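In what follows, a structure is listed as structure tokens, so that the remarks can point back to it.
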Amino acid sequence: MVWGRVKAFFDNDFEESAAPSVHFENVGVRYGMGPEVLRDLTFSIEPNSFQFLTGPSGAGKTTLLRLILLSVKPTRGLISLFGEDVSRISKDDLTDLRRRMGVVFQDFRLLDHLTTYENVALPLRVQGKEEASYRNEVVELLRWVGLGDRMHMLPPVLSGGEKQRAAIARALIVRPDLLLADEPTGNVDPSLARRLLRLFIELNRLGTSVVIATHDFGLMDQLNVRRLVLGDGQLHIDE
Amino acid sequence: MVWGRVKAFFDNDFEESAAPSVHFENVGVRYGMGPEVLRDLTFSIEPNSFQFLTGPSGAGKTTLLRLILLSVKPTRGLISLFGEDVSRISKDDLTDLRRRMGVVFQDFRLLDHLTTYENVALPLRVQGKEEASYRNEVVELLRWVGLGDRMHMLPPVLSGGEKQRAAIARALIVRPDLLLADEPTGNVDPSLARRLLRLFIELNRLGTSVVIATHDFGLMDQLNVRRLVLGDGQLHIDE
Amino acid sequence: MNDPSRSGAPKPEDGQRPLPASLRRNAPLVPVDSAGGQALAAVIAILTFLAALCAGGAELVATSSSQWRSDIAREVTIQVRPNAKRSIDADVDRAVALARQTPGVEQAQPFSKTESERLLEPWLGTGLDFNDLPVPRLIVIKLQEGLKPDFTTLRQALKEQVPGASLDDHALWVSRLSTMANTIIGIGTVLVILVLVAAGLAVTFATRGAMAGNREVVDVLHFVGANDDFIAKEFQRRFFKLGLRGSAFGAGIALFLTTLLGFVTSSWRASPAGDQIEALFGSFSISWRGYLLVVLIALAVAVITGVVSRLTVRRFLNENG
Amino acid sequence: MNDPSRSGAPKPEDGQRPLPASLRRNAPLVPVDSAGGQALAAVIAILTFLAALCAGGAELVATSSSQWRSDIAREVTIQVRPNAKRSIDADVDRAVALARQTPGVEQAQPFSKTESERLLEPWLGTGLDFNDLPVPRLIVIKLQEGLKPDFTTLRQALKEQVPGASLDDHALWVSRLSTMANTIIGIGTVLVILVLVAAGLAVTFATRGAMAGNREVVDVLHFVGANDDFIAKEFQRRFFKLGLRGSAFGAGIALFLTTLLGFVTSSWRASPAGDQIEALFGSFSISWRGYLLVVLIALAVAVITGVVSRLTVRRFLNENG
Ligand SMILES: Nc1ncnc2c1ncn2[C@@H]1O[C@H](COP(=O)(O)OP(=O)(O)OP(=O)(O)O)[C@@H](O)[C@H]1O
Ligand SMILES: Nc1ncnc2c1ncn2[C@@H]1O[C@H](COP(=O)(O)OP(=O)(O)OP(=O)(O)O)[C@@H](O)[C@H]1O
Ligand SMILES: [Mg+2]
Ligand SMILES: [Mg+2]
């Protein structure tokens, strides 16, 4: 598999870059005129690290991920991504940053008019790559997440878990430097969840920083890694 | 609370009706030209019963619920709802049947342009009820599921778990004879899940048949009830 | 956490805050500003505008032409040709007397010699010495309005008593002008119908688009117990409002533009170009009938929008279970 | 289940089925049949159709009027009035000779007495004994095409040698007809511009609607690393296609209808009503210039659609981060 072959390259590459993938300093955010959903967040996500993000429903997990994705602006504080301050970033740089990140949305956000295959290949197509160069890889990944025979179906006819797996595959296909997954196993059975977790772990081994937002203690208990716990708008870190 | 007051009525009412809420006989279904997703399903859901529906991702849980909702037609076999054969049902009867059922969709299906309050009140509004007659009840239920201060927000700005709770409230508000919930706790934390389960149990006590499709063994283990397990298109029942 | 049904009163986690004064927003159940909405209103406005222009133009021609026509039809002339053997003045007097006897004739006025000569001027050139010419003389007869008297007796009498006289009731010209005007009115009407059909088409497409785009909403409404009637009504109400808004806007602009044009042309009227335009199109000030027509068209468009969208929605619902 | 990166080859659960021949569908990244799409195409078709009709009408008037005008301008007449003291036939011959000497005159043809009399008939009535009348005589002069000869010398010569003659170059009529035709052409042009503006507006609204309806798609494209340029291009391509389709359809119908009308009117032509219509509007067969115009308008609409939607998309993307 291609991933095995590029492993060495990634390993070398990440040794040099010391800057954390994500760094928050005293970040606070509110929606509109509402109360602060998150306040005084100060933390880092190191390159090649693995962590869970948890907290009760409505605690702000998704909001935190959206801050990292730059789709929500903090009302105060400083955010830097890959060592770069993002407060006055240009549109082009934003695109570049986004190409280094993979996201699994809580509500999947697949494009309904594209097949599963096309959805998963979308990030590569958007980057202007030739189809021949990624075709095998996409198919391989789809088979690994159990969508080998769903490749040509449109998302609206997929089951909930199938959509979720397609969303995961789309985030993984670019082998991003930073993976943000929002409740990526909420719609699949425990054995499939384990299988998907293995995929995240493998990606992490290849050099990606992984952040998984989840409520699923069963899933978190399988892996002894750092936990970022949100509650009452504040962050508490379990190493 | 109003529910308490109508309890006696429901209790008496259901003693007489012996017909099962749902009855399947040799039902099979396929989508388009594909393989049979479900085959040879024969089972009943008794009035005032409580059961979980489980099985791996893609096993056909949602499909089974959609069969009961009459939004998918079986390719063979017989389905009857509340003692009535539904193969040649008229449009008016279909509306009547649907008003006796409450559904929580796996993907919520809230109307994005209505507030949470309006979404929850929708089934009552559609039935032509006056707002004054249901207003307190809706607010009460919203507070119970923890959306008391989200009442006037539109679904797109709700968190995943909040949407799910709004969807649950919309299904419960009409106190249906049959409640179908598809993965109703996939996006909430375990303690909230327990709280929601209590709501379902209470509804069941008031006379509703409840079917909860879920992957969550943590949830199922809390209640010793019948489990309908789907696998390889076939149904296996754990009493 | 208490079980609500047993504890009598719920204990929500956010305390017993009083309810806000009103929870009712009465939001439409069908999203109002969905994709097609604004576009549809704009398009309906445009089409109404065009329809109103066409109708206004046709009305203008109809009004002017009916004026011309009645003017011309009300004016019958008797031509008395000079005859060396008779006195032309006596002939003219005789013919006038005969005409005045005919029922339905309001007035019969002979042209004087100078007037007759001036009539011939454009055709025979100016500066001609008319004394050399035995110029025929005209008698202009004005008919009572609305009456179409029978001229056979008059014709007969003239033939007998004034051999050089001939009666011209302009039938040919009236028919020519009628054909012309009717053609223009016909074209205008066809254009209006075309535009209304276009509006209907646009609404059909937009409704189908909106239904397809709102399939989710329709599904949800079905699931929570709404019947087709209810859903169709919701959609229709929305489209009727859109249609009314669009057509009112379009008609408003058309009225505004017409009024403006009326002002502009009335200031042009002195210029020779203005004269030509006015001769062709009449003055641009539209009568109350024109305004009424524009308002009617706006209403028609709104009604068409409502009806077409209702039919489309019903068909869509029947097709899609 | 094996870990793919360590086992070298994956062992998917559905076996190693060979890949299908092609996975490429090249589906557009922007949904094609979204709500507004069909409606927009229909509306563009309608507007193109109307624009084509207006343009066609204007072109028709332009062509016919330039024909009339050049015909009229090319025909200059000399009127020779009878004079008891001179021989009219000699005068006519003299005038003809003088006209033929003038440079730029192609032909000078005197009307015979009968022809002249027939010309006067509608004005003096039929059955008149023209022997009694000293009828003026006309000489029709045809000018060489494109030339506008100087008539001052001719006028001077006529004045000296044929006192009863006067030259009429129809200047007044030409200017009248010009004003009329130009007004009609102007109105047609204004209508075409109006319709094009309407098309632009409709596209703007539809694009904004489509963007709002596809906000999710835009978001996703942004998140997977597409820049604004890429997204704008995708939208523009789609709208250009829609616009082209719509305008081609509308133009097609307009061409078809015109051709059909041409056939119908040519069968009418015998009837008197047909005569009137033809006199007014010319024959309905549009010249190649008319067809070209319709095609140009269709192209213009498509281009407007593309450009306007691109601008709208860019603005939308800038406004919405
Ligand atoms: N666009 C928005 N406008 C206003 N409020 C918002 C918006 N998005 C989220 N919120 C509110 O912010 C709070 C945090 O939302 P968020 O989605 O981050 O929670 P979460 O931790 O992801 O919850 P869940 O586990 O249920 O998905 C919620 O109460 C939500 O209602
Ligand atoms: N409309 C459809 N057309 C074709 N295939 C469909 C359609 N809907 C569902 N399927 C397929 O039928 C199978 C069963 O789907 P279903 O949604 O019932 O699964 P599920 O048990 O609910 O799974 P999950 O737990 O992932 O939600 C899936 O493989 C799915 O791809
Ligand atoms: Mg969330
Ligand atoms: Mg499902």
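Predicted model, so just to flag it, every value in this text is computed and none were measured. Within every chain, numbering begins at 1; the chains are lettered A, B, ... in the order of the sequence lines, protein sequences first and strands thereafter.
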Can you tell which part of A/F217 gets under 4.5 Å to a heavy atom of chain B, answering side chain, backbone, both or neither? side chain
Here the gap from B/K163 atom NZ to A/Q106 atom CD, rounded to the nearest 0.5 Å, amounts to 7.5 Å
Smallest heavy-atom separation, A/P190 atom then B/H215 atom, equals CD-O, 3.7 Å
Mind checking the OG1-CG spacing from B/T54 to A/D189? Nearest 0.5 Å is all I need. 8.0 Å
Do other residues, nucleotides or ligands put more than 12 heavy atoms under 6.0 Å from the CG atom of A/D221? yes
Please output the residues of residues 55-77 of chain B in contact with chain A, using a heavy-atom cutoff of under 4.5 Å, in numerical order. B/P56, B/S57, B/G58
Compute whether any side-chain donor of one residue and acceptor of the other, for B/E183 and A/N187, lie under 3.5 angstrom apart. no
More than 12 heavy atoms of other groups within 6.0 Å of A/D232 CG: no
